[in-house]
> 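Mind having a look at this structure? Questions to follow.
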Amino acid sequence: MTAKISYADVEVGTELPAQTFPVTRATLVQYSGASGDFNPIHWNERFAKEVGLPDVIAHGMFTMAEAIRVITDWAGDPGAVVEYGVRFTRPVVVPDDDKGAVIEVSGKVAAKLDDNTVRVDLTATSAGQKVLGASRAVVRLA
């Protein structure tokens, strides 16, 4: 696959389509199985509260993976991501109800770099609070 977005068609400030990602307790169980991360803070409410958390929380790597989807969907090729990093600022709290939580992610081209690459900065929030800080990726465009 190759990125479907042309470097020539992108300017600093170009906004990527924002997305929302629902997270339920079932989502966390599925991710635990896929990742092998069965830390009880991700599935056991009693344990999570005993260690000082408000409730069960989503895995940080799950949150990070959902956020990058805004870029991979926009670019049209997950392989176009050359570099990606975040700082975890707040956990995504996932209540035990029919709604769960929602991660809201937006992105903007922050810089045009060499070799048909751009830096995209992401903003990820849940329940009105920023859950990822310094979330940015370098993406190679067509």
> For the CD atom of E50 and the CG atom of N44, what is their distance to the nearest 0.5 Å?
7.5 Å

> So if you build clusters from Ile, Leu, Val, Met, Phe, Trp, Tyr with side-chain heavy-atom gaps below 4.5 Å, do I57 and V29 land together?
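No, separate clusters.
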
> Identify the heavy atoms of A3 and L141 that sit nearest to each other, and give their distance.
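Closest heavy-atom pair between A3 and L141: CB-CA, 3.9 Å.
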
> Please round to the nearest 0.5 Å and tell me the distance separating atom CD1 of I5 and atom CG of N116.
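With rounding to 0.5 Å, CD1 (I5) is 13.0 Å from CG (N116).
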
> Are L122 and L132 close enough, and set up right, to give a side-chain contact (heavy atoms from CB on, under 4.5 Å), and what steps lead you there?
CA-CA 8 Å; L122 295 171; L132 298 176; over 6 Å; no

> Do the rings of H42 and H59 sit parallel, tilted or perpendicular, given the 30° and 60° boundaries?
parallel

> Is it the case that the side chain of K112 and the backbone of Y7 share a donor-acceptor pair, with hydrogens and angles ignored and the cut-off at 3.5 Å?
yes

> Where do F38 and W43 come nearest, in terms of heavy atoms and distance?
O-NE1, 2.9 Å

> CZ of R87 to CE of M64: how many Å apart, nearest 0.5 Å?
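Nearest 0.5 Å value for the CZ-CE distance: 13.0 Å.
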
> Check whether T89 reaches the backbone of V131 with its side chain - one donor and one acceptor, N or O, closer than 3.5 Å.
yes

> Minimum heavy-atom separation for V23 and L28, please, with both atom names.
CG1-CD2, 3.8 Å

> Between V139 and T117, does the side-chain contact (heavy atoms from CB on, under 4.5 Å) criterion hold? Intermediate values first, please.
CA-CA 5 Å; V139 185; T117 60; over 6 Å; no

> Does any pair with a residue in residues 71-130 pass ring-ring contact (aromatic ring centres under 6.0 Å, His included), and if so which ones, sequence neighbours excluded?
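Non-adjacent pairs meeting ring-ring contact (aromatic ring centres under 6.0 Å, His included): zero.
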
> Would you please test L53 and I41 for side-chain contact (heavy atoms from CB on, under 4.5 Å) and show each step?
CA-CA 8 Å; L53 295 168; I41 64 173; 3.8 Å; yes

> Run the salt-bridge test on R25 and D55 with the 4.0 Å N-O cut-off and return the result as yes or no.
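The answer is yes: the pair qualifies as a salt bridge.
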
> Measure the shortest side-chain to side-chain distance between T24 and D96 over non-hydrogen atoms and say whether it is less than 4.5 angstrom.
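No, their side chains stay 4.5 Å or more apart.
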
> Does V102 offer a backbone N or O that forms a donor-acceptor pair with the side chain of S126 under 3.5 Å?
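Such a contact is found between S126 side chain and V102 backbone.
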
> If you round to the nearest 0.5 Å, how far is CD1 of I71 from CD of Q19?
11.0 Å

> Is R136 atom CZ crowded by more than 12 heavy atoms from other residues, nucleotides or ligands, each under 6.0 Å away?
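More than 12 within 6.0 Å, yes.
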
> Answer yes or no: is there a donor N or O on one side and an acceptor on the other, between the side chain of T72 and the main chain of D77, under 3.5 Å?
no

> Using a strict cut-off of less than 4.0 Å between a Lys/Arg side-chain nitrogen and an Asp/Glu carboxylate oxygen, indicate whether D121 and K108 qualify as a salt bridge.
no

> Taking T14 for the side chain and E11 for the main chain, is one N or O donor matched with an acceptor at less than 3.5 Å?
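Looks like yes, one N/O pair under 3.5 Å.
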
> Quick check for you: to the nearest 0.5 Å, what is the distance between F62 atom CZ and I103 atom CD1?
5.5 Å

> Running the 4.5 Å side-chain criterion over Ile, Leu, Val, Met, Phe, Trp and Tyr, what cluster does V138 land in, apart from itself?
V82, L113

> Give the minimum heavy-atom separation between A80 and A75, together with the two atoms involved.
CB-CB, 4.3 Å

> When you look at V56 and V93, which way does the side-chain contact (heavy atoms from CB on, under 4.5 Å) test go after all the steps?
CA-CA 6 Å; V56 165; V93 178; over 6 Å; no

> What are the two closest non-hydrogen atoms of D37 and S32, and how far apart are they?
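Answer, listing the atom of D37 first, then S32: O-OG, 3.1 Å.
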
> Which pair of non-hydrogen atoms, one from K130 and one from T125, has the smallest distance, and what is that distance?
CA-CG2, 3.9 Å

> What distance do D114 atom CG and R140 atom CZ have between them, rounded to the nearest 0.5 Å?
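One finds 10.5 Å between CG of D114 and CZ of R140.
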
